[in-house]
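This report concerns only the one structure given below.
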Amino acid sequence: MTKIAIAGSGAMGSRFGYMLQAAGNDVVLLDNWVEHVQAINTKGLTVAIAGQDVQHVQIPAALPTAIKDVQDVIIIFTKSMQLGAMLQSIKPLIGEKTKVVCLLNGLGHPETIERYLPKHNIFVGITLWTAGLTGPGEISLSGSGSVELQNVAPEAKGAAEELVAMLSAAGLHATYSADVLFSIWRKACVNGTLNSLCALLDCNIAQLGRTSQVNSLLASIVAEFSAVAATEAVDLDVPTTIAHIDQLFDPTQAGEHYPSMHQDLIQHHRLTEIDYLNGYVARKGQERGIPTPVNQLITQLVHTKEALVIEK
Ligand SMILES: NC(=O)C1=CN([C@@H]2O[C@H](COP(=O)(O)OP(=O)(O)OC[C@H]3O[C@@H](n4cnc5c(N)ncnc54)[C@H](OP(=O)(O)O)[C@@H]3O)[C@@H](O)[C@H]2O)C=CC1
Ligand SMILES: CC(C)(CO)C(=O)C(=O)O
């Protein structure tokens, strides 16, 4: 049995933990939210899957500092802002052969992780799975998704392929990405459009997709992402990237989902990952002399909304 710790067990961490345990792995959910950990340990993880009965699934949960045994695999699912602190907390769980996987949304995470861990332990990627946290110990799941990941150290390709096989065996539809930086930038375009627009406009992905303005909004945002990606040697073709985003409007994919930034800003009145998405593009654009007015405005609007809802 593979020993897996989920470091950051909110909506996505709980989804992955639930699916990996169902596939026969030895999973522990780690989180700093005490009420959430207590709820999972007392009544099980409450999982509501669209159209099915609610399940209460027994999965052990703990604070990240409460367990000390070395894991085979650690999957990180904090918010971007919590990544460094979580890596610091889970150091005792990381042995020579532990595979640490980061599938967070956002740009710049590989550089952060390399400040804490040797490259041979690090595997990075993206996911198009979705999940919602509806209360302490409670998640709601719908739609389908996928995972793309790659090793950071060239010699760790075999270990990345083992991870792909383990995730796919749990129904998580993983593939090996031969160019994970491209995968991460393309996913950042998904979030830089769907997450920030659905949060600012208070709608889900399918509703955004039905508006008459959606195509021009996507084109303006993605053009700036593409220009900044080019300065990091990533080639993001704008029409192909927009076609990739368009697929998610389908309700059988992510259409019914309120993106994680909507969940943070509108539903839970929490800070967002905007500085790792549109904010990253605006900041790097400014530093590198590339105009990014649309992403600057979106970043300012999201920060303004954060100030309004968090003050309340
Ligand atoms: N949700 C989704 O559908 C998707 C999310 N992602 C990405 O996955 C990563 C994890 O996101 P997601 O699972 O949505 O994050 P969640 O907000 O569900 O959970 C992240 C962490 O936030 C803290 N937290 C959340 N809600 C509360 C609360 N009410 N009170 C106290 N603490 C709380 C918890 O950590 P702590 O208490 O330790 O602070 C939790 O581990 C992000 O990078 C996100 O962008 C990617 C694809 C889809
Ligand atoms: C599901 C998806 C792709 C929606 O933008 C996402 O990554 C999120 O909710 O953060």
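Keep in mind that what you see is a predicted model, and the values were worked out from it rather than measured. Just follow the structure's listing: the first ligand is 1, and inside any ligand the first atom is 1.
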E138: which of K43, H56, H36 passes side-chain hydrogen bond (donor to acceptor under 3.5 Å, both in side chains):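 In the set K43, H56, H36, the residue that makes a side-chain hydrogen bond (donor to acceptor under 3.5 Å, both in side chains) with E138 is K43.
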
Of all the non-hydrogen atoms in the protein, which one sits nearest to [atom], and at what distance?
atom	answer
atom 35 (O) of ligand 1	D31 OD1, 3.3 Å
atom 19 (O) of ligand 1	G10 CA, 3.4 Å
atom 14 (O) of ligand 1	K79 NZ, 3.4 Å
atom 43 (O) of ligand 1	E273 OE2, 2.7 Å

Pairs under 3.5 Å, N/O atoms on ligand 2 and on the protein: can you put them in a table with the distances?
from	atom 1	to	atom 2	distance (Å)
ligand 2	5 (O)	N195	OD1	2.5
ligand 2	7 (O)	N105	ND2	3.2
ligand 2	7 (O)	K187	NZ	2.8
ligand 2	7 (O)	N191	ND2	2.9
ligand 2	9 (O)	H257	NE2	2.9
ligand 2	9 (O)	S260	N	2.8
ligand 2	10 (O)	N105	ND2	2.8
ligand 2	10 (O)	N195	ND2	3.0
ligand 2	10 (O)	S260	OG	2.5

Got a donor-acceptor contact below 3.5 angstrom from the Q263 side chain to the A131 backbone?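 Present.
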
[X] and [Y]: which non-hydrogen atoms are nearest, and at how many Å?
X	Y	answer
A39	P136	CB-O, 3.6 Å
H120	A156	O-CB, 4.2 Å
A62	I67	CB-CG2, 4.0 Å

Number the atoms of ligand 1 from 1 as they appear, then name those within less than 4.0 Å of a heavy atom of [X], with their elements.
X	answer
S9	41 (O)
T130	3 (O)
S260	1 (N), 2 (C), 5 (C), 14 (O), 44 (C), 45 (O)

Using a cut-off of 6.0 Å, state whether more than 12 heavy atoms not belonging to [X] lie near its atom [atom1].
X	atom1	answer
D53	CG	no
E111	CD	yes
Q55	CD	yes

Please work out which of [options] has its closest non-hydrogen atom nearest to [atom].
atom	options	answer
atom 48 (C) of ligand 1	Y258, F16, W129	W129
atom 8 (O) of ligand 1	Y276, W33, F77	F77
atom 1 (N) of ligand 1	S80, A131, G145, A11	A131
atom 6 (N) of ligand 1	L104, L103, N195, N105	N105
atom 10 (C) of ligand 1	T78, I126, V37	T78
atom 28 (C) of ligand 1	M12, H36, R270, R15	R270

Quick one: side chains of residues 4-12, donor-acceptor pairs under 3.5 Å with protein atoms, not counting sequence neighbours, listed by atom name and distance.
from	atom 1	to	atom 2	distance (Å)
S9	OG	I6	O	3.2
S9	OG	L30	N	3.1
S9	OG	L30	O	3.1

Work out whether the distance between some heavy atom of [X] and some atom of ligand 1 is less than 4.0 Å.
X	value
Q82	yes
M86	no
H262	no

Between ligand 1 and N32, is the shortest N or O to N or O distance under 3.5 Å?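 Yes: some nitrogen or oxygen of N32 is under 3.5 Å from one in ligand 1.
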
Between [X] and ligand 1, which part of the residue brings a heavy atom under 4.0 Å of the ligand: side chain, backbone, both or neither?
X	value
K187	side chain
M261	neither
L133	side chain
P259	neither

Between the side chains of [X] and [Y], does any donor sit under 3.5 Å from an acceptor?
X	Y	result
H109	S80	yes
Y280	N295	no
E306	H303	yes
E224	T292	no

How far apart are the C-alpha atoms of Y18 and L141, what are their side-chain angles, what is the distance that settles it, and do they pass the side-chain contact (heavy atoms from CB on, under 4.5 Å) test? CA-CA 11 Å; Y18 159 70; L141 309 179; 4.0 Å; yes

Show your working on side-chain contact (heavy atoms from CB on, under 4.5 Å) between F182 and D235 and close with a plain yes or no. CA-CA 7 Å; F182 170 80; D235 181 14; 6.0 Å; no

Can you confirm whether M261 sits close enough to N105 that some side-chain heavy atom of one is under 4.5 Å from a side-chain heavy atom of the other?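 No. Closest side-chain heavy atoms not under 4.5 Å.
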
